[in-house]
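Below, read A as the first sequence line, B as the second, and so on, with proteins coming before strands; counting in each chain starts at 1.
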Amino acid sequence: MPRFDHQAAEARWQALWDERQSFAADDNSDKPKAYVLEMFPYPSGRIHVGHVRNYTMGDVVARTRRAQGFEVLHPMGWDAFGMPAENAAMEKGVHPGGWTRANIVAMRTQLKRLGFALDWSRELATCEPDYYGQEQALFLDLLAAGLVYRKESAVNWDPVDMTVLANEQVIDGRGWRSGALVERRKLSQWFLKITDFAEDLLDGLKGLDHWPEKVRLMQENWIGKSTGLKFTFRLSPSPLAGEGDSPQASGVRGGFDVFTTRPDTLFGASFAAIAADHPLARQCAEGNPALAEFVAQCQAGGTAAADIETQEKLGFDTGLSVVHPLDPNIRLAVFVANFVLMDYGTGALFGCPAHDQRDLEFARKYQLPVLRVVAAECEEDAPIGDEAYTGPGRMVHSRWLDGMTAEDARAAVIARAQAEGWGEAVTQYRLRDWGVSRQRYWGTPIPIIHCEICGVVPVPKKHLPVILPEDVTFDIPGNPLDRHPTWKHVDCPQCGKPARRETDTLDTFTNSSWYFIRFASAPDDRPFDPAVAAKWLPVGQYIGGVEHAILHLLYSRFWTRALQRIGMLDVAEPFAGLFTQGMVTHETYSRPQGEGLPPLWFAPDEIERSGSGATLKTDGAAVEVGRVIKMSKSKKNVVNPDATVARYGADAVRWFVLSDSPPERDLVWSEAGIDGAWRFVQRVWRLAEDNAAASEGVPEPKLDRAVHRTIAAVTSDIDRLQFNKAIARLYELVATLERSAAGPSRRAGVISCLQLVAPMAPHLAEEAWALLGQTGLICDAAWPVADPALLVDDEVTIAVQVNGKLKGDFTAAKGSDKAALEAAALALPGVLRTLDGAAPKKIIVVPDRLVNIVA
RNA sequence: GCGGGCGUGGCGGAACCGGUAGACGCAGCGGACUUAAAAUCCGCUUUCCCAACGGAAGUGCGGGUUCGAGUCCCGCCGCCCGCACCA
């Protein structure tokens with residue numbers, strides 16, 4: 001039997017789409033616009049199945065929107081700067097640029113083989129000067145607008161590789177590559193003022209109702225707004241000897257500021273605590289070696305998540321004390337404490353052990369008083385045990401606050417502080433400014449020149465782009481830009497004297513913070529044309545991995561708002577709709593290598609799978625079949641789709657990745673699953689062959705109704721990105737069509753069916769469309785619309801229950817009256833048997849649905 | 001610790017607003033076609049009792065609301081994700 005020849009069909013239709021520029025987006029179209037975007041890939045080597053799933057989902061949306069009459073922008077590009085390229089350079093001795101560009105070529109070919117409806121004319125790669133040069137221009141615009149600044153900041157420095165490490169690259173305090181103990185170094189770095197937008201970014205989340213609630217919550221927590229009181233603790237008669245010479249010394253000498261969300265508990269205060277790197281702590285440490293050692297110990301302490309939980313609350317009494325702001329007769333000892341963070345609030349706090357768990361642990365350790373000031377009902381003098389009370393209640397032991405609710409007391413204390421001038425209501429955010437300097441080669445050069453005379457000088461825009469030199473080597477550790485013979489030496493644009501280029505590059509997240517704007521508009525002479533960009537933006541449907549829920553999505557929102565603030569683009573939120581898809585997972589295969597050694601991992605294509613076990617193809621010996629986990633290079637459980645696409649065809653692969661699992665959940669990759677998808681492709685093809693010719697006969701209303709119900713359901717499923725449900729309905733429709741008699745209804749049904757299948761399996765659909773003699777391409781055909789008249793059934797099945805348990809059903813005309821339904825239900829044999837002559841107490845009738853007899 | 005999500009057959013998963021639980025797919029079993037195989041088609045497939053007709057139980061566990069609960073409420077248990085000493 002002739003089969004659907006996927007290889008020929010794929011080649012034919014891909015060439016034709018390309019030739020006709022079927023998926024090129026027209027900026028000047030009168031049609032309504034739809035911008036469909038999947039997160040662009042990092043060119044790491046080869047496409048994996050996770051990419052296929054991501055891009056297939058976007059493709060279904062794009063193709064459907066196009067059929068529905070939208071002008072669709074569905075572009076593709078490459079997030080091409082980043083560390084893996086440098087790692088490859090060091091490991092394999094290749095150039096990051098060459099490696100990256102070769103990967104792009106390979107991955108582009110792979111993507112094209114899958115038949116995605118992409119506008120390739122808008123392809124971009126962030127590592128090319130025509131992209132990063134425009135990014136440099138935007139950086140300078142933000143700098144001019146005061147949204148970029150420079151400050152000293154600590155980094156993880158690997159002294160062997162002479163490079164800065166990301167937190168994830170520091171393992172047990174050592175560099176992941178060199179194994180050297182990592183140092184904390186202070187470097188002058190560039191920051192973007194994302195904190196200026198904290199309130200806007202938080203507020204904007206409310207309007208993003210096509211975003212997953214989960215992602216909105218994650219961003220909300222990340223921004224971490226809290227409101228409370230900031231007030232000044234005056235140091236009680238200062239025992240501090242000598243004049244501090246630090247710039248903050250004046251602030252320190254008189255006292256220090258603390259922030260609290262619980263000003264109501266101020267009368268329960270029993271100590272004050274400051275961070276180890278608080279200016280006052282450093283000042284005190286100067287004359288106190290023991291304290292200096294404690295401070296050093298705190299700073300060395302791992303910030304690794306696991307440590308923190310178990311870490312004991314430790315403090316060191318500075319000997320200083322501060323005056324309680326509500327009663328000058330109360331003095332509180334000032335501790336340096338390891339649990340106080342310098343980069344949140346003011347780096348100092350007052351401790352109220354009764355109502356804060358950490359403060360309680362601290363107070364117990366150092367025998368400080370624990371005074372309850374908030375009482376829930378009837379427990380005014382109940383002692384505080386091991387748990388601080390953080391719930392609501394009324395004030396006790398708090399003088400003029402007594403009897404107020406804690407909530408009222410908060411307001412009262414803030415009002416008093418403001419009236420008396422020792423404190424004010426403030427809003428705090430956890431969000432920090434975004435440090436964008438990377439001491440790395442393969443990134444966007446920061447367009448800044450350092451001049452001994454003029455200081456920091458922006459590169460004049462007419463000198464952009466600052467091209468990243470490619471004649472560099474990686475044989476010695478460190479940033480090759482630093483040791484490049486000529487690149488960093490440049491004349492100061494202001495005074496003309498010899499100066500030095502900034503050798504840091506921008507964080508790769510800056511590249512992905514505006515690429516969606518560049519896709520919409522990419523003129524040669526500026527980053528984008530605001531009018532053209534505004535036609536497309538915001539992205540209507542953005543699809544990508546949930547791992548970007550915070551950083552990329554927050555940075556992009558910030559970048560867009562920043563451009564709006566400086567008047568470059570009138571868009572506040574870049575992504576109107578967001579969908580986060582699940583991962584593709586696969587089981588793992590390994591063999592132990594003996595004691596102390598990690599197991600040896602094998603790739604799926606090295607394995608012969610049999611029943612519950614597996615053997616290695618090369619030696620036939622058994623390997624361990626491990627858990628199903630996210631595909632990762634290190635566990636070698638990555639499936640490269642090339643072989644599968646060649647064997648089963650792009651359509652079967654696309655169909656499979658959409659079929660079983662709901663898109664937001666993880667998908668387990670299996671060969672068996674794709675067999676089923678392949679069978680479906682063949683089934684649809686046979687169905688098309690059987691109905692290739694026009695057919696005589698009478699219409700069949702039942703079949704028409706089934707077809708139109710499927711049209712309505714699949715359309716709504718795709719709208720809600722529930723591809724697995726759409727696919728289940730298409731299986732049902734195909735089965736129904738196969739079973740029905742030949743005739744005009746069946747042929748019409750097959751045609752509609754092909755259109756519904758087209759977004760998922762476009763090559764098959766085109767080939768079958770042509771076979772049926774339809775004009776034009778199916779990708780240009782208008783989406784089928786369900787006839788509302790055909791969605792209504794004239795007959796309904798009525799379920800019959802006795803005491804809520806199903807006893808049978810019957811068919812009735814739609815809209816039958818209650819009495820008729822009741823009578824029919826009571827006559828059912830199952831009902832008669834169950835009632836056994838007893839009279840029903842009550843009968844509940846839900847029209848067109850069910851009858852429940854209460855006996 | 002805080003925040004969020006999830007828990008349904010052998011497996012992936014359906015079930016709109018509280019109204020026939022298990023759609024659809026995978027795997028499995030049986031059958032048809034075939035010299036045979038592949039391919040394809042048809043049937044069965046939650047569990048228990050029964051020869052059968054039929055019946056009972058059943059959506060992590062325990063309660064509750066309701067004529068009726070996978071769905072709503074209360075209390076547990078388990079798993080997953082995010083953040084993590086945030087004052």
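The interatomic distance linking Leu850(A) (CG) with G18(B) (P) rounds to 15 Å, in whole Å. Across the protein-nucleic acid pair, Arg686(A) atom CZ and C41(B) atom C1' stand 9 Å apart, rounded to whole Å. G54(B) atom P lies 13 Å from atom CG of Leu828(A), rounded to whole Å. Separating the CD atom of Gln722(A) from the P atom of A23(B) is a distance of 18 Å, rounded to the nearest angstrom. Atom P of nucleotide U40(B) and atom CZ of Arg3(A) are separated by 7 Å, given to the nearest angstrom. Rounded to whole Å, the distance from CZ on Phe271(A) to P on A87(B) is 15 Å. In this structure, Leu791(A) atom CG and C16(B) atom P are separated by 19 Å, rounded to whole Å. For the pair Leu341(A) CG and C86(B) C1', the computed distance is 6 Å after rounding to whole Å.
Separating the P atom of U46(B) from that of A36(B) is a span of 32 Å, rounded to the nearest Å. Only the P atoms considered, C16(B) is 25 Å distant from U65(B), to the nearest whole Å. On the C1' atoms, C77(B) is 10 Å away from G62(B), given to the nearest whole Å. Separating the C1' atom of A23(B) from that of G9(B) is a span of 13 Å, rounded to the nearest Å. Distance noted for atom C1' between C24(B) and U45(B): 15 Å (whole Å). Here the separation of C53(B) from G12(B), taken at their P atoms, is 32 Å to the nearest Å. Rounded to a whole angstrom, the distance from the C1' atom of C80(B) to that of C85(B) is 25 Å. Comparing the P positions of C76(B) and G25(B) gives a spacing of 42 Å, expressed to the nearest Å.
Below 30°, between 30° and 60°, or above 60°: for Trp685(A) and Phe4(A) the angle between ring planes is between 30° and 60°, a tilted geometry.
Residue-level contact check: Asp343(A) touches neither bases nor backbone, having no heavy atom under 4.0 Å from any strand. Here Val800(A) lies out of heavy-atom contact (under 4.0 Å) with every strand. Within the 4.0 angstrom heavy-atom criterion, base atoms lie near Thr797(A). Across all strands shown, Arg216(A) has no heavy atoms under 4.0 Å from either base or sugar-phosphate atoms.
The backbone N or O of Ile674(A) lies less than 3.5 Å from no partner atom in the side chain of Tyr648(A), so there is not a single donor-acceptor pair. Judged by distance alone, the side chain of His355(A) and the main-chain N or O of Val373(A) form a donor-acceptor pair under 3.5 Å. Judged purely by atom type and a 3.5 angstrom limit, Arg654(A) has no side-chain atom pairing as donor or acceptor with the backbone of Ala761(A). Looking at Gln219(A), its side chain does come within 3.5 Å of a backbone N or O of Ala549(A) through a donor-acceptor pair.
Across all strands shown, G19(B) pairs with C67(B); the Watson-Crick or G-U wobble distances both stay below 3.5 Å. The base-pairing partner of C11(B), taking Watson-Crick or G-U wobble contacts with both distances under 3.5 Å, is G25(B). Pairing of G1(B), defined by two Watson-Crick or G-U wobble distances under 3.5 Å, is identified with C83(B). Across all strands shown, C61(B) forms a Watson-Crick or G-U wobble pair with G75(B), both key distances being under 3.5 Å.
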Contact state string [nucleotides 24-34 of chain B, B base, S sugar-phosphate only, - no protein heavy atom under 4.0 Å]:
SSSS-------
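Side-chain atoms of Glu732(A) and Thr710(A), non-hydrogen and from C-beta on, never get closer than 4.5 Å to each other. Under the 4.5 Å side-chain criterion, counting only non-hydrogen atoms from C-beta, Thr265(A) is in contact with Phe350(A).
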Worked verdict on Leu826(A) versus Ile843(A) for side-chain contact (heavy atoms from CB on, under 4.5 Å):
CA-CA 10 Å; Leu826(A) 285 169; Ile843(A) 299 179; 3.9 Å; yes
Go through the steps for Phe335(A) and Phe362(A) under the test ring-ring contact (aromatic ring centres under 6.0 Å, His included), then give the verdict.
CA-CA 10 Å; Phe335(A) 288 81; Phe362(A) 190 79; 5.2 Å; yes
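Counting heavy-atom neighbours within 6.0 Å of Arg432(A) CZ, excluding the residue itself, gives a total above 12. The neighbour count for Glu407(A) CD, taken as heavy atoms of other residues, nucleotides or ligands under 6.0 Å away, does not exceed 12.
By the rule that a glycosidic angle within 90° of 0 means syn, C73(B) does not qualify and counts as anti. Using a 90° window around 0 for the glycosidic torsion, G9(B) falls inside it and is classed as syn.
With distances taken from any side-chain atom of Lys313(A) to the nucleotides A87(B), C83(B), C85(B), the minimum falls on C85(B). Of the candidates A87(B), C41(B), A14(B), the closest approach to any side-chain atom of Glu738(A) belongs to C41(B). Considering only side-chain atoms of Val846(A), the nucleotide from G54(B), G19(B), C86(B) that sits closest is G19(B). Taking only side-chain atoms of Lys805(A), from C-beta outward, the nucleotide of A57(B), G12(B), C85(B) with the closest atom is A57(B). Nearest nucleotide to the Ala799(A) side chain, out of U20(B), C81(B), A14(B): U20(B). Proximity note for Arg849(A) (side chain, C-beta onward) versus C83(B), A14(B), U20(B): the nearest is U20(B). Of the candidates C86(B), A87(B), A56(B), the closest approach to any side-chain atom of Lys807(A) belongs to A56(B). With distances taken from any side-chain atom of Pro662(A) to the nucleotides G82(B), G55(B), G13(B), the minimum falls on G13(B). Closest approach to the Leu217(A) side chain among G4(B), C83(B), A14(B) is made by G4(B) (side chain taken as heavy atoms from C-beta onward).
Of the residues near RNA chain B, Leu806(A) and Arg358(A), the one whose nearest nucleotide (by heavy atom distance) lies more toward the 5' end is Leu806(A).
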Below 3.5 Å between N/O atoms, which protein atoms pair up with nucleotides 66-70 of chain B? Just atom names and distances, please.
residue: C67(B); atom: O2'; partner: Asn852(A); partner atom: ND2; Å: 3.3
residue: C67(B); atom: O2; partner: Asn852(A); partner atom: ND2; Å: 2.5

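Using a cutoff of 4.0 Å between basic side-chain nitrogens and carboxylate oxygens, Arg729(A) and Asp717(A) are scored as salt-bridged. Between Arg686(A) and Glu689(A) there is no salt bridge, since none of the side-chain N atoms of the basic residue sits less than 4.0 Å from a carboxylate O of the acidic one.
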